[in-house]
Protein chains: 2
Amino acid sequence: MTDTPRLDPERTTKRQRTLAALADAGLELFERQGYDATTVGQIARAAGVTEMTFFRYFAAKEHLLLDDPYDPVLIVAIAGQPRADPPFLRAASGVRAAWRALPEPEAPMIRRRVRIIAQTPALRGAMWRSTGNTERAIVEQLVADGATPGVARVAAASVLAALVAGLYSWAEGEDASLADAIEDALDVIVVRR
Amino acid sequence: MTDTPRLDPERTTKRQRTLAALADAGLELFERQGYDATTVGQIARAAGVTEMTFFRYFAAKEHLLLDDPYDPVLIVAIAGQPRADPPFLRAASGVRAAWRALPEPEAPMIRRRVRIIAQTPALRGAMWRSTGNTERAIVEQLVADGATPGVARVAAASVLAALVAGLYSWAEGEDASLADAIEDALDVIVVRR
DNA sequence: CTCTAAATGTTAGTCACTAACATTTAGCGC
DNA sequence: GCGCTAAATGTTAGTGACTAACATTTAGAG
């Protein structure tokens with residue numbers, strides 16, 4: 001769901017710099033004064049750029065926090081689950097595997113983002129809409145492996161909900177490991193064998 | 001989560017009439033031209049009223065569709081579950097019981113609303129934010145009955161996600177019974193005994 | 001039928017976001 | 001280093017959701 005308008009791959013580097021400047025400025029301002037109280041204009045100015053330019057990098061204010069490129073990994077992980085298992089279990093195990101494979105160093109940044117999201121009702125909604133894409137992808141995979149669409153949708157939705165809830169809880173704390181938090185969340189829902 | 005500014009209970013009836021007019025006009029316009037393409041001004045005009053007045057009845061455009069007074073029933077139902085069961089099961093059974101108790105005649109109206117929501121990404125997000133309140137209430141109840149906050153949050157979130165997913169599937173069709181659809185959705189997640 | 005509170009209207013403004021068009025600047029080939 | 005072009009940014013103007021302060025009408029309790 002990234003919407004950086006990448007026209008010509010690797011033409012310049014200026015683009016990457018302003019992108020980083022905007023992302024940094026946004027995250028800092030959100031943390032300092034809250035998401036709702038922060039204006040797109042403020043972020044742009046802090047990054048030494050115009051409001052218009054902001055929207056050339058992020059289609060919406062919320063996209064500053066909701067750019068997740070994690071979907072493909074997840075799908076592969078789910079596809080790798082044993083077909084004999086019911087869809088719900090396959091989805092859960094896939095999510096477990098995918099997040100266990102996430103590089104540790106990313107955790108702190110994820111934590112900062114998730115914290116802001118958890119604190120902002122508008123963003124919690126946006127988060128869910130964002131996972132809508134992930135959900136669709138999971139459903140596709142489950143159906144391809146023989147599940148009913150209705151069943152697949154419920155399985156995907158509830159597993160993702162557990163994941164997100166786990167992320168929120170994890171982000172509140174300081175020391176817990178991301179992978180462990182996800183494991184614990186999924187254990188609430190799935191009967192471990 | 002109703003935000004009709006009810007100042008003096010049962011003082012007049014004009015209020016109820018304009019409220020109904022706005023709700024009807026909104027639903028019809030949404031169905032005819034889509035949610036995003038429908039302007040609050042249009043709804044207001046169709047109801048013979050000013051845009052400003054609309055916002056005196058609904059705090060936001062989305063509230064036309066997301067006014068659910070079902071929470072209290074749900075909480076009672078969850079509280080009535082056997083404490084011996086794990087939180088996840090208690091939440092699921094509570095939801096099941098609550099929706100089984102819903103009066104049949106309400107179904108068609110719910111279907112119209114859910115259909116619009118399901119078709120509109122922005123509303124899917126809003127829907128989730130709206131269930132946030134329900135989620136909080138469920139978590140409170142589960143914790144009061146001895147669950148860990150972390151566990152309770154995951155349980156509540158995933159059960160609600162299953163419920164919503166079930167609602168979306170149900171709304172697509174024409175004839176299925178609401179209660180049955182919810183049952184089926186929850187069966188995907190919970191191991192029935 | 002009156003009189004007050006409730007209901008509605010008016011005006012003006014903010015913020016997220018879009019579109020069309022003008023201008024600068026960065027970095028490639030030379 | 002230097003020019004040239006495409007990429008990056010800016011400008012202006014506008015829409016739609018929503019808020020606030022204040023003025024006006026109207027409905028209905030007495």
Side-chain angles (χ1 to χ4, degrees), chain A residues 1 3-23 25-26 29-30 33-67 116 120-123 125-126 129-130, chain B residues 1 3-23 25-26 29-30 33-67 116 120-123 125-126 129-130:
Chain A
M1 215 199 148
D3 29 17
T4 306
R6 176 161 299 155
L7 303 177
D8 193 346
E10 310 298 332
R11 165 77 199 273
T12 176
T13 179
K14 172 97 188 285
R15 184 162 197 87
Q16 297 161 19
R17 266 181 289 147
T18 20
L19 182 79
L22 282 171
L29 284 172
F30 290 162
Q33 22 171 309
Y35 178 84
D36 291 322
T38 303
T39 258
V40 170
Q42 288 176 24
I43 301 174
R45 211 177 320 129
V49 113
T50 288
E51 188 182 335
M52 191 64 259
T53 296
F54 174 93
F55 286 109
R56 290 211 245 268
Y57 284 85
F58 300 94
K61 189 181 169 187
E62 34 173 88
H63 283 44
L64 257 182
L65 299 170
L66 296 174
D67 257 353
I116 298 170
T120 312
L123 284 175
R129 198 178 67 238
S130 153
Chain B
M1 212 198 147
D3 29 18
T4 305
R6 176 160 300 155
L7 302 179
D8 192 346
E10 312 298 332
R11 165 75 199 276
T12 175
T13 179
K14 172 99 188 284
R15 183 160 198 87
Q16 298 161 17
R17 267 181 288 147
T18 22
L19 183 78
L22 282 170
L29 285 171
F30 290 162
Q33 22 173 311
Y35 178 84
D36 291 322
T38 304
T39 259
V40 170
Q42 288 176 24
I43 301 174
R45 210 175 322 129
V49 114
T50 289
E51 187 182 336
M52 190 66 259
T53 295
F54 174 94
F55 286 108
R56 289 212 246 270
Y57 284 84
F58 300 94
K61 188 181 168 186
E62 31 172 271
H63 282 44
L64 257 182
L65 298 170
L66 296 174
D67 257 353
I116 299 170
T120 313
L123 284 176
R129 199 178 67 239
S130 154

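Chain letters run A, B, ... following the sequence lines, proteins first, then strands; residues in each count from 1. Atoms considered below: every heavy atom in the structure, side chains included; atoms not considered: hydrogens, waters and symmetry mates. Note that this is a predicted model, so its numbers are computed, not measured.
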task = Identify, with sequence neighbours excluded, every residue that meets ring-ring contact (aromatic ring centres under 6.0 Å, His included) alongside B:Phe55.
result = none
message = I need a per-nucleotide contact map over nucleotides 8-19 of chain C, read 5' to 3'. Cutoff is protein heavy atoms under 4.0 Å; write B for the base, S for backbone only, - otherwise.
response = BBB----SSBBB
Side-chain donor/acceptor of A:Ser130 to backbone N/O of A:Ala126, under 3.5 Å = no
task = Please identify each residue that fulfils side-chain hydrogen bond (donor to acceptor under 3.5 Å, both in side chains) with B:Thr120, with sequence neighbours left out.
result = none
Measure all distances between protein nitrogen or oxygen atoms and nitrogen or oxygen atoms of nucleotides 1-3 of chain D, and list the pairs falling under 3.5 Å.
none

request  = Could you tell me whether the side chain of B:Thr13 reaches within less than 4.5 Å of the side chain of B:Arg17, counting heavy atoms only?
outcome  = yes
task = May I ask you to decide if B:Glu62's main-chain N or O and B:Tyr35's side chain share a donor-acceptor pair within less than 3.5 Å?
result = yes
Let me have the donor-acceptor pairs involving side chains of residues 40-54 of chain B, under 3.5 Å, with sequence neighbours excluded, atom names and distances please.
residue, atom, partner, partner atom, Å
B:Gln42, OE1, B:Gln33, NE2, 3.4

request  = Could you tell me the separation between the CD atom of B:Gln16 and the P atom of D:dG28, rounded to a whole number of Å?
outcome  = 10 Å
request  = Answer yes or no: is there a donor N or O on one side and an acceptor on the other, between the side chain of A:Tyr57 and the main chain of A:Ala20, under 3.5 Å?
outcome  = no
key: Test applied, side chain to side chain contact (heavy atoms under 4.5 Å, CB included); reference residue, B:Leu29; option that passes from B:Thr38, B:Leu64, B:Thr39   = B:Thr38
